[in-house]
2 protein chains.
Amino acid sequence: MTLPPIVQAFVLHFGEMGGRWGVNRTVGQIYALLFLSDRPLNAEEITEALGVSRSNVSMGIKELEAWRLVRKRHLPGDRREYLEAPDDIWQILRTLAEERRKREIDPTLSLLRDILMETPASAEERHAQAKMRQMHDLIELLTGWADDVQRLDNDSLAQLLALGAGVSKLLEVKSKIAVFASGKRRNSTQEDAS
Amino acid sequence: MTLPPIVQAFVLHFGEMGGRWGVNRTVGQIYALLFLSDRPLNAEEITEALGVSRSNVSMGIKELEAWRLVRKRHLPGDRREYLEAPDDIWQILRTLAEERRKREIDPTLSLLRDILMETPASAEERHAQAKMRQMHDLIELLTGWADDVQRLDNDSLAQLLALGAGVSKLLEVKSKIAVFASGKRRNSTQEDAS
DNA sequence: CTGAGATTTCAGCAATGACTGAAATTACAG
DNA sequence: CTGTAATTTCAGTCATTGCTGAAATCTCAG
């Protein structure tokens with residue numbers, strides 16, 4: 001692997017962290033490499049840079065495509081496929097959130113829905129179902145929120161994040177705004193979001 | 001495993017999902033069992049309910065403690081340790097968020113900080129470093145936001161989630177509030193009066 | 001203290017997941 | 001079409017992780 005030291009450090013780190021993020025080492029490394037690259041790379045270049053087998057790279061690419069984290073491109077006059085990682089980091093964030101949700105949360109939500117349709121046959125089952133209801137409702141709240149936020153444009157999202165817990169303060173005065181807004185006829189636009 | 005059908009279904013599901021969530025099957029099952037249980041269970045009961053070895057349960061418990069997802073309790077007149085899952089689902093959410101961040105994000109943030117101190121030696125490295133800077137800044141924004149939100153009480157958090165993208169609307173009127181409240185600045189967010 | 005019950009540790013086996021090289025398939029220039 | 005370069009698939013092997021039973025350690029009643 002002949003890469004600039006800082007690139008190498010990053011690539012190796014992503015390889016190691018891959019396990020915790022639900023992908024294998026090679027997949028992590030390929031993504032790291034593409035993310036840092038200033039141009040699309042073909043499979044052969046990736047193979048060489050990482051020192052793994054060509055077939056392993058092929059499988060890794062396939063998985064990254066399933067995650068929608070890389071795109072295939074074609075360069076004119078070159079039969080090989082070139083790969084690149086989208087560079088809008090906000091979009092990457094959205095994609096990651098969507099895919100992780102699809103893999104890690106939706107199946108559970110689905111199961112919970114099914115189980116909550118059943119009629120409990122004992123006190124024990126009634127209690128278990130109540131807990132599952134709690135979990136179900138919380139997950140729905142979270143995913144609903146995520147759906148909403150998912151649709152915000154980059155700037156709004158950045159603003160929202162920068163605000164942090166300031167939202168809490170904003171919520172506190174929300175009712176007060178409502179008072180003003182109802183009294184005033186300022187603008188007939190948004191005002192109260194509830 | 002002799003458990004009520006709905007409990008069994010949930011436990012088995014958590015076992016299967018465990019892999020995607022970064023824990024092994026047994027750990028997922030133990031947690032599911034404790035989460036649904038209406039009373040603390042001892043290791044022997046867990047062993048029996050799940051049909052795995054006693055030592056496996058011991059290791060699983062250890063891991064769940066490392067995640068701070070279960071507590072050990074003692075019942076009077078019984079030398080055995082009893083385990084229970086905290087039942088405030090909001091607290092569970094906070095714990096999960098903290099632990100996953102600690103395992104999945106902090107190490108990367110730390111590496112990025114280190115690499116960003118280096119001086120790039122080529123155009124390629126300069127580009128790579130710029131990308132890492134982007135990632136670093138985004139992660140800091142996200143974790144900073146998470147820190148803030150982490151401190152909200154259950155009700156505020158629920159309110160925030162229920163609001164969803166409504167926050168966006170709230171942000172739009174924020175500048176108007178700023179006009180009213182121009183006497184003092186609450187926090188360091190950029191007050192953009194667009 | 002002592003010893004019986006309870007828990008943890010750990011070496012070895014089992015299961016799962018990752019990686020490779022070879023063969024099959026696909027894509028396309030001539 | 002044909003032949004060659006590029007990519008994918010897959011069976012076998014290697015590596016990692018998970019699980020077990022036995023032994024070691026801990027804990028506390030008597």
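- Side chains of A:Asn154 and A:Arg94: a donor on one and an acceptor on the other come within 3.5 Å.
- Taking the side-chain contact (heavy atoms from CB on, under 4.5 Å) definition, one finds that B:Leu142 meets it with A:Leu93, A:Leu161, B:Leu138, sequence neighbours left out.
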Interface polar pairs with nucleotides 15-18 of chain D, N/O, under 3.5 angstrom:
none

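- Counting only residues at least two apart or in different chains, ring-ring contact (aromatic ring centres under 6.0 Å, His included) contacts with residues 69-122 of chain A are absent.
- The side chain to side chain donor-acceptor pair (under 3.5 Å) test applied to A:Glu98 returns A:Arg68, not counting sequence neighbours.
- Put simply, the residue from A:Arg54, A:Arg80, A:Arg39 that forms a salt bridge (Lys or Arg N to Asp or Glu O under 4.0 Å) with A:Glu45 is A:Arg39.
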Under 4.0 Å protein heavy-atom contacts per nucleotide of nucleotides 1-8 of chain D, with B for base, S for backbone only and - for none: ---BBSSB

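- An end-to-end axis angle of 20° holds for the helix from C:dC1-D:dG30 to C:dG30-D:dC1, taken from five base pairs per end and rounded to 10°.
- Listed by chain and residue number, nothing satisfies the side-chain contact (heavy atoms from CB on, under 4.5 Å) test with A:Arg79 (two or more places apart in sequence, or in another chain).
- A 4.0 Å heavy-atom criterion places the boundary nucleotides of DNA chain C facing chain B at C:dA4 to C:dT9, written 5' to 3'.
- In this structure A:Ser37 satisfies the side chain to side chain donor-acceptor pair (under 3.5 Å) test with no other residue, sequence neighbours excluded.
- If you chain together hydrophobic residues whose side chains sit under 4.5 Å apart, B:Leu75 and B:Ile61 never meet in one group.
- By the ring pair (Phe, Tyr, Trp, His ring centres under 6.0 Å) test, A:Trp145 is found to be paired with B:Trp145, residues two or more places apart in sequence or in another chain being considered.
- Geometrically, B:Arg103 engages B:Trp67 in a cation-pi contact defined by less than 6.0 Å to the ring centre and at most 45° from the axis.
- Remark: B:Met135 pairs with A:Phe10, A:Phe14, A:Phe35, A:Ile89, B:Leu112, B:Ile139 by the side-chain contact (heavy atoms from CB on, under 4.5 Å) rule, at least two apart or across chains.
- Partners of B:Lys72 under the salt bridge (Lys or Arg N to Asp or Glu O under 4.0 Å) rule, at least two apart in sequence or in another chain, are B:Glu65, B:Glu81.
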